[in-house]
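Here is the structure we will look at.
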Amino acid sequence: MGRPPSPRPLPPVFLMLLLLPSPLPLATGDPLPTESRLINSCLQARRKCQADPTCSAAYHHLDSCTSNISTPLPSEEPSVPEDCLEAAQQLRNSSLIGCACHRRMKNQVACLDIYWTVHRARSLGNYQLDVSPYEDTVTSKPWKMNLSKLNMLKPDSDLCLKFAMLCTLNDKCDRLRKAYGEACSGPRCQRHVCLKQLLTFFEKAAEPHAQGLLLCPCAPTDRGCGERRRNTIAPSCALPPVAPNCLELRSLCFSDPLCRSRLVDFQTHCHPMDILGTCATQQSRCLRAYLGLIGTAMTPNFVSNVNTSIALSCTCRGSGNLQEECEQLEGFFSHNPCLTEAIAAKMRFHSQLFSQDWTDSTFAVMAHQNKNSALRPQSWMPFLFSCTLPLILLLSLW
């Protein structure tokens, strides 16, 4: 009896396929993050600290320190008592250092309170404004839209009106939008109630809907569209009737852990690296941080109905010897090439959504569009499989 033929060696290309990482599931609408989904939630870290008597005592002492010491401005030298520095030193090796929160997590304010309590422990008195308390993650997920019902609009309707209709057709977006619309309307609207509902909308509405409403593109000559876009956040109620000093506005923001966190997150991700508009991280993170400010004391808005210039509702008059610092703060919104380019790129993307000839009225598009973002597993796996499928078919015939 003859010897059975020896198996042929695997071709190198097949060996390469075996070494490829296993595919990650494409995002199909991730649930709201919980603290267990975070790498190191401050809530979890606090519970671990409570189990250690030394850590727990140090945290409680530091907590009393931070409640008695006013938050310094970036231009000021923080004054921290020696015993508070000792408590901070004891926490440097705990899981509290490096803990983070998420913008949509439950008990977010409690998480941020913990973060800012131990923030002094991170720097031991060296105040760092540009350390965001939010976990630095971005997910890309398809956004399903049904454009068939947009036929009730006039064919020449502006894109802001179309995005408003898309929000109306979505139960959650429509409910949240009506809530802040009611709170922010009327001559006797209460500004703090309006801001709270705005914050809830931009925090809980699907990101593509929120960005579509606020960052809808308008033709320069279409003032009606520009007015609709500018009025998205109900500026007559949401913004202060008399513009305060920008530094005073920032001090007010620093007194609130949520506002302080959103401002720090904005300054982290919208920091321009050059005059061309390159962001320190990614455009998508900058836009998310920008929308996160809406509903806080630092709520920005479009300046006019004819362009996309952004500004805070504040002034630098009366800043005295802090005039330069005030202008830097104001300029971070009004003359920020990173933010400007991120908004322009998103508006171009929104224009493309309605300029293509879709064969089906219901389709899914990737909401994440960012020229500066690095390829992540969820974005390069479909491309990878489209390239390797022909190789697999060839191997099946080999």
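Owing to the predicted nature of the structure, the values given are computational and were not obtained by experimental measurement.
The sulfur atoms (SG) of Cys101 and Cys111 lie less than 2.5 Å from each other. SG distance check for Cys286 and Cys338: not under 2.5 Å. Distance check for Cys279 and Cys270: the SG atoms are not under the 2.5 Å cut-off. In this structure, Cys216 and Cys160 have their SG atoms less than 2.5 Å from one another. Disulfide status for Cys167 with Cys173: present, SG atoms under 2.5 Å apart. The sulfur atoms (SG) of Cys316 and Cys246 lie 2.5 Å or more from each other. Sulfur atoms SG of Cys189 and Cys184 are positioned 2.5 Å or more apart.
Checked for salt-bridge contact, Arg175 and Asp171 miss the test: no charged N lies under 4.0 Å from a carboxylate O. The pair Arg103-Asp265 counts as a salt bridge, with a side-chain nitrogen and a carboxylate oxygen less than 4.0 angstrom apart. A salt bridge links Arg348 with Glu341: the closest approach of a Lys/Arg side-chain nitrogen to an acidic carboxylate oxygen falls below 4.0 angstrom. For the pair Arg262 and Glu203, the salt-bridge criterion is met [side-chain N within less than 4.0 Å of a carboxylate O].
Counted by atom type alone, Tyr134 and Gln108 present one or more donor-acceptor pairs between their side chains at under 3.5 Å. No hydrogens or angles considered: nothing links the side chains of Asn301 and Ser313 as a donor-acceptor pair under 3.5 Å. Side-chain contact of Arg47 with Gln50: a donor-acceptor pair under 3.5 Å is absent, judged by distance alone. Checked by atom type, the side-chain pair Glu86/Gln90 shows no donor-acceptor distance below 3.5 Å.
Separation of the Tyr290 and Phe333 ring centroids does not fall under the 6.0 Å cut-off.
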Under the side-chain hydrogen bond (donor to acceptor under 3.5 Å, both in side chains) rule, what do Asn245 and Ser319 come out as? Steps first, then yes or no, please.
CA-CA 7 Å; Asn245 181 272; Ser319 297; 2.9 Å; yes
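Within a 6.0 Å sphere centred on CG of Asp274, other residues, nucleotides and ligands contribute more than 12 heavy atoms. No more than 12 heavy atoms of other residues, nucleotides or ligands shown are found within 6.0 angstrom of CD on Glu324.
Distance alone, capped at 3.5 Å, places no donor-acceptor pair between the Ser56 side chain and the Asp52 backbone. When atom types are taken as modelled, the side chain of Asn231 and the backbone of Ala234 share no donor-acceptor pair closer than 3.5 angstrom. In this structure a side-chain-to-backbone donor-acceptor pair under 3.5 Å is missing from Thr296 to Gly292. Looking at Asp222, its side chain never comes within 3.5 Å of a backbone N or O of Asp158 through a donor-acceptor pair.
In this structure, Arg177 forms no cation-pi arrangement with Phe201, as its terminal cationic atom is not both closer than 6.0 Å to the ring centre and no more than 45° off the ring axis.
Connection of Val303 to Met347 is not established within any shared hydrophobic cluster, with ILVMFWY side chains joined at heavy-atom distances below 4.5 Å, either directly or through further cluster members. There is a path of hydrophobic side-chain contacts, each under 4.5 Å, that joins Leu322 to Met298.
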